[in-house]
Structures are given as C-alpha cells and as structure tokens.
Colleague: 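Before I ask anything, here is the structure I am working with.
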Amino acid sequence: MAPQTRRTAFPKVLIARDSDYEQSSSGEEEEEEEEEEEEEEGPPSEEDNENEEKMEDFKDAKRKGKTPITISLKKVCKVCKRAGHEAGFKGATYIDCPMKPCFLCKMPGHTTMTCPHRVATQHGVIPAPHKNTQNPVEFIFERQLRPGIASIKPAYVIPDQVNCAAIRYHSRRVTSLEFHPTYNHILLSGDKKGQLGVWDFAKVHEKTVYGNIHSCILNNMRFSPANDGTIYCASSDGTVSCTDLETGISTSLMNLNPDGWQGPASWRMLYGMDINSDKGAVLVADNFGFLYLVDTRTNSRTGKAIMIHKKGSKVVGLHCNPVQPDLLLSCGNDHFARLWDMRRLEAGSALYNLEHRRVVNSAYFSPLSGSKILTTSQDNRLRIWDSIFGNLDSPSREIVHSHDFNRHLTPFRAEWDPKDPSESLAVIGHYISENFNGTALHPIDFIDINTGHLVAEVMDPNITTISPVNKLHPRDDVLATGSSRSLFIWRPKEKLDVAEQLDARKIIVFGGDGKKRRKKYRDEDDDDSDDDKFTFKGKNVKVKKSEKQTTRYSRKAKR
DNA sequence: ACCGGATGGAACC
DNA sequence: TGGTTCCCCTCCGG
C-alpha cells in the first residue's frame, strides 16, 4: 500500500569480470574512498578484498538512493552479491549464503546446514529452567493433581499419510481451518479471498463453497458453542459474520468499514477472534490494536473498543482460557502476547505481557488445563510459558524452529493436539525445505514441547508446497493441512488398510478448479460438469484429465 | 519457460 | 516520527 516511487536518476553501472577486477561506471567516482566500516563479519576473505572497491561503490550508490546495476560476468551470490560462493539449491539441498546469519536460529557464524538446532532428534532445544521449586502452587499441584496424571505418557499417534483425496476448491491460498465440533468428517476452510469451504472428507466429493460472505482474507473462524451448525468468521474486510452451514445464510454482526474504502489509513481489518461462551460474546481484534465485543444473543456490538496492543499494530490472535472464562490471551505485531482479565479490560491493564523478539503469530492456552501457553514468533522460536511450573516473566522453553517466512504465505501457527492428555504435542508446518531422497520438501513437524524433541516430520513427495496451516482433529487421529490452495487429510499409516493406501496414491487433485487454470488443459469453455469421472470409495468424483495431474497433489514438479 | 504481482515487516534515514 | 527500500527456499498465471 506504500506509494510506488520511481527512481529519478539513472543508477551507476558496475561490471565485475571473471579474471581481474575491472570497473566501468557512468563517470566520476565521487567520494569513492570515503571511510566506512565494513559490516562486522569475520575476517575478510580473498574475495572480500577483491570486491571491496565494488562494494564501496555499491554502498555509495545505495546511500544516494540509487541501486546500481551490476553487470556480472562472474558468478556472484544472489544473496550478498559477492563472489566465491553461491546461495541456492544444489539439487534438493539449499545452500545458505555464509555471509548471513544462520537462517534457522539467526545466530552468526554458521549456516543452517551446520546449525546445532538442526539435529533432528533434538530439534532446537533450550533447556527449561525448573523454577520455583518451593512454590506452594507447585506443592499443591504435586499433592493433588500429579496423582491424577498418568506418569507414562501414551505413545503419540502421528497422522502421517495422505489418505483421502487432496482437494482444491479454493482459488487463493488457504488461511484458516476448523474441524466441525460434532460431525467428525466435516472440515471448514477459509481462504485469502474470503471464501468459506465446507468439506465432507468422508464423502470426498461433497463440498460447498460460500463465496459471498466476505470480500477478503478470512483470518479466523469459530463454531458457535450454542449451535454447532453456525460458524463465526472474522475477515480483513472488517466484518464479523455468522453463517448457517446448512443454508449458507449469513448475517454480518459488525462492520468496521461502513463507509467503504477510504484508503489504507482508515480501513480496518479483523484478525484475532474467539468466543467466550460464558459471557456470550464474540471477541474480535483489528489491525489498529483494538478489541471489540459482540453479544451473541443480540448479535450486536457491546461496549467500546479497547486498545489491547500497541496503537496501530495488528492483533492477530485471541484465545479464551478453556478453564477460566475470565482469562483472555492476545498476541500481535507489537512483539507481545498479553494475558488479560476479562473483568478488567482496559488499555495497559494486562495481567502479563509476554515479550518476544519479533512478531507473534499465535498464542494458545493448552487445550485441557489452560495452564500452559504456546506461542509462535517470527524470530523462529516456539515458546512455552508455564503458569504452574514457571512464572510468566520468561518462557519455560524456547524451541528453535523454521517458520519465519512472512510475505505471501499464511503465517505459521503452532497448534496443540487437543487429544493429548499430557498437553505436550504440537504441530506446525516447516518453512525451509529438507532434502528427502532427492526432493526438496517442506515437512509438517510434530514437536514434544516438554522436551523440544521433534517427534515426527510428516511429508509426501507429491506435496511440494509449504504447509503453513495445520489443525489436529479434536477426537480422531486426523491432521488437516492447508497448503497453498489445497487441502489434505492425513491419517496414521498403520491405521490404513492396503486398499486405502493404494487409493491415497491414485486420486489426488479433483474438485471445482479455477476456470482459468483449466483452460490450460482444454480449450473449450467449461463448467464443472465435464471433468473426467473417477470412482473413489464407491463415489463418483471428478479428477483432472491428464495422467500427470492425477498423480500429483500440486501442479508443478520440483527438481 | 520466464516474469511480474500480490504483499508485510524491519531497518534504515 | 514517517517515508523509503529491501527482503534467502512463494506461487500463480499471463
């Protein structure tokens, strides 16, 4: 939204040659030998010296707001523009630029290949300090609660095989997922365009897409606790909607942009949302730091907007404590997650302010006891804050994990496994790719947040896109993934029979696809009716025509 | 097969 | 404080 500007002067031209360094430029070398300290990196290498002059020029031009055009006859790193190394894929392995801090843990001196946090079985563990050992709360916990907690943790069950079809009914990337609270096979999905999909993944072909509820990003959705046929959605169009899933009839409970588009400075977008059934309220928060309450009985806004995060900053997440209805957790772009008492909601009155080094993508209470908080921050760390064994002044544990990509992707959020009685299993997509048998894949990680161990990485050679949106089923061993525009359902491999495993390999992309895309495969004007038919579990479903398409989840091959 | 665009945040000054 | 520029593994479609 920032205004586009044009360069006013022609930039300097630099030429780097393979043999000895020679330079031709647009003319006079003013202030060429101006003193300037090189950025603090290790000792300069041969290549550094060779290119010093060029770098000076580069910086010089940069200072004047002109980016020089570098005509390179020499192989140069695309990241740091220096010779002697090259960042990028070597086969399916990505080689980092050694001049940059580690892309995983952000510390200088090594790359992701050699990062100590990259060891698979001990993924990025920073040991948890065991605090407050003589704390009376802990004493009571040990006396009264510990006996009720199984000492031997049940083995985790990991849904690691795509078993029913991948579906692609969204025309833009998926931004949110929610399982139906009572129907086990219904998955709701929202996308960047504001479309809401309802998918019965047991009857694979049964899907409904509501395209008229919102006009842009569907950021969060929650089922009504009172009526599980009703879903609330918060969108970047500034409205909260309440939709009946049977009829598709939707009402708008609140519209923060009643006057339409008046420019980016006034356009309000709704991000975080949760429902407090105890108070009969839908809580939503916007991109200017404000919280709004909507009464679910009257479907109308109550009270005034409350500033809960830094003025002008986006509040991306809200979560009500599952046990204590008065506790509210929020997180946002001001680098904080904040804990609030619903009875005393006013600017600056948070009970705790959980500090992070970067933007906080999500903050969730643990699903059963509500005593732990799991946050995902753009500094590539998951943090666990424990209100019983720790205090909320600092995290009990930090887990280094690659999820810091920002633009063009839905933000990664670590999600609890709602079925895990020990409240220690979390799932989160992985940004940087790993080399799996020669294919660069972005796995979905299952992490034991008590130990920091990577319990499992789930991936499929046909899914080459990044999977930032993941949700574990509230009752079944099922994982739902939103990756680009596609949805995937995963189940544990050992629970699939042979036929199901074969099915999983056969049927891949089907369903209403974008018309423009389908033109790629046929020229005639088309609607949904003339796709090839395919039988899956006795149901007629539609699949793409070409053989390639039926064996791939995504369109493009990656090498 | 290439390339531009949609985009958000941070680091500059 | 605001305007400007840059940014390391996107992904789609023209």
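Source: prediction; values computed, not measured. The figures that follow rest on heavy atoms only: side chains count, while hydrogens, waters and symmetry mates do not. Chain identifiers are assigned alphabetically (A, B, ...) following the order of the sequence lines, protein sequences preceding nucleic acid strands; residue numbering begins at 1 within each chain.
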Colleague: Identify which nucleotide among dC8(C), dA10(B), dC11(C) has an atom closest to any side-chain atom of Val359(A), counting heavy atoms from C-beta outward.
Modeller: dA10(B)
Colleague: Quick one about Asp286(A) and Tyr271(A) (side-chain donor to acceptor, distance below 3.5 Å, no hydrogens or angles considered), yes or no?
Modeller: no
Colleague: So is the aromatic ring of Tyr94(A) stacked onto the base of dC8(C), judging by whether the centres are under 5.5 Å apart and the planes are under 30° apart?
Modeller: no
Colleague: So which nucleotide from dG8(B), dC8(C), dA10(B) ends up closest to the side chain of Arg358(A)?
Modeller: dA10(B)
Colleague: Please report, rounded to the nearest Å, how far the P atom of dG8(B) is from the CG atom of Asp404(A).
Modeller: 17 Å
Colleague: Report yes if at least one side-chain N or O of Lys78(A) is closer than 4.0 Å to OP1 or OP2 of dC7(C); otherwise report no.
Modeller: no
Colleague: Which pair of non-hydrogen atoms, one from Cys105(A) and one from Arg381(A), has the smallest distance, and what is that distance?
Modeller: O-NH2, 3.0 Å
Colleague: For Ile466(A), which contact category applies under a 4.0 Å heavy-atom criterion: base, sugar-phosphate, or nothing?
Modeller: sugar-phosphate
Colleague: Provide the closest heavy-atom pair for Ser330(A) versus Trp340(A) in the form atom of the first, atom of the second, distance.
Modeller: OG-NE1, 2.9 Å
Colleague: How close or far is atom C1' of dC9(C) from atom CG of Asn435(A), stated in whole angstroms?
Modeller: 13 Å
Colleague: Have a look at Pro468(A) and say if it touches a base, only the backbone sugar-phosphate, or nothing, with a 4.0 Å heavy-atom cut-off.
Modeller: nothing
Colleague: What is the distance from CG of Asp334(A) to C1' of dA10(B), rounded to the nearest Å?
Modeller: 15 Å
Colleague: Side chains of Ser467(A) and Ser483(A): any donor to acceptor distance under 3.5 Å?
Modeller: yes
Colleague: Looking only at atom C1', what distance separates dA11(B) and dC9(C), rounded to whole Å?
Modeller: 23 Å
Colleague: Can we call the ring centroids of His403(A) and Tyr431(A) under 6.0 Å apart?
Modeller: no
Colleague: If you only use heavy atoms from C-beta on, which nucleotide in dG13(C), dC9(C), dG8(B) is closest to the side chain of Arg485(A)?
Modeller: dG13(C)
Colleague: Closest approach to the side chain of Lys100(A), judged atom by atom: which nucleotide of dC11(C), dC8(C), dG8(B) is it?
Modeller: dC8(C)
Colleague: Report yes or no: is the cationic atom of Lys106(A) (NZ for Lys, CZ for Arg) under 6.0 Å from the centre of the six-membered ring of Phe103(A), at an angle within 45° of the ring normal?
Modeller: yes
Colleague: Provide, to the nearest angstrom, the distance between the CZ atom belonging to Arg357(A) and the P atom belonging to dA11(B).
Modeller: 13 Å
Colleague: Between the protein and nucleotides 4-6 of chain B, list the N/O to N/O atom pairs that are separated by less than 3.5 angstrom.
Modeller:
from: dA6(B); atom 1: N1; to: His408(A); atom 2: NE2; distance (Å): 3.4

Colleague: Decide yes or no for Tyr364(A) and Arg413(A): does some side-chain heavy atom of the first lie under 4.5 Å from some side-chain heavy atom of the second?
Modeller: yes
Colleague: Specify the separation, in whole Å, of atom NE2 of His442(A) and atom C1' of dC8(C).
Modeller: 12 Å
Colleague: Atom CG of Leu409(A) and atom P of dC8(C): how far apart are they, to the nearest Å?
Modeller: 15 Å
Colleague: Hey, does the side chain of Ser484(A) come within less than 4.0 Å of dT10(C)'s phosphate (OP1/OP2), counting only N and O?
Modeller: no
Colleague: Can you tell me how far P of dC9(C) sits from CD1 of Ile463(A), to the nearest Å?
Modeller: 21 Å
Colleague: Could you check how far CG of Asp191(A) sits from P of dT7(B), rounded to whole Å?
Modeller: 13 Å
Colleague: What pair of heavy atoms forms the shortest contact from Ser171(A) to Arg485(A), and how long is it?
Modeller: O-CD, 3.4 Å
Colleague: Looking at the side chain of Phe103(A), which of dT10(C), dC8(C), dG8(B) is the nearest nucleotide?
Modeller: dC8(C)
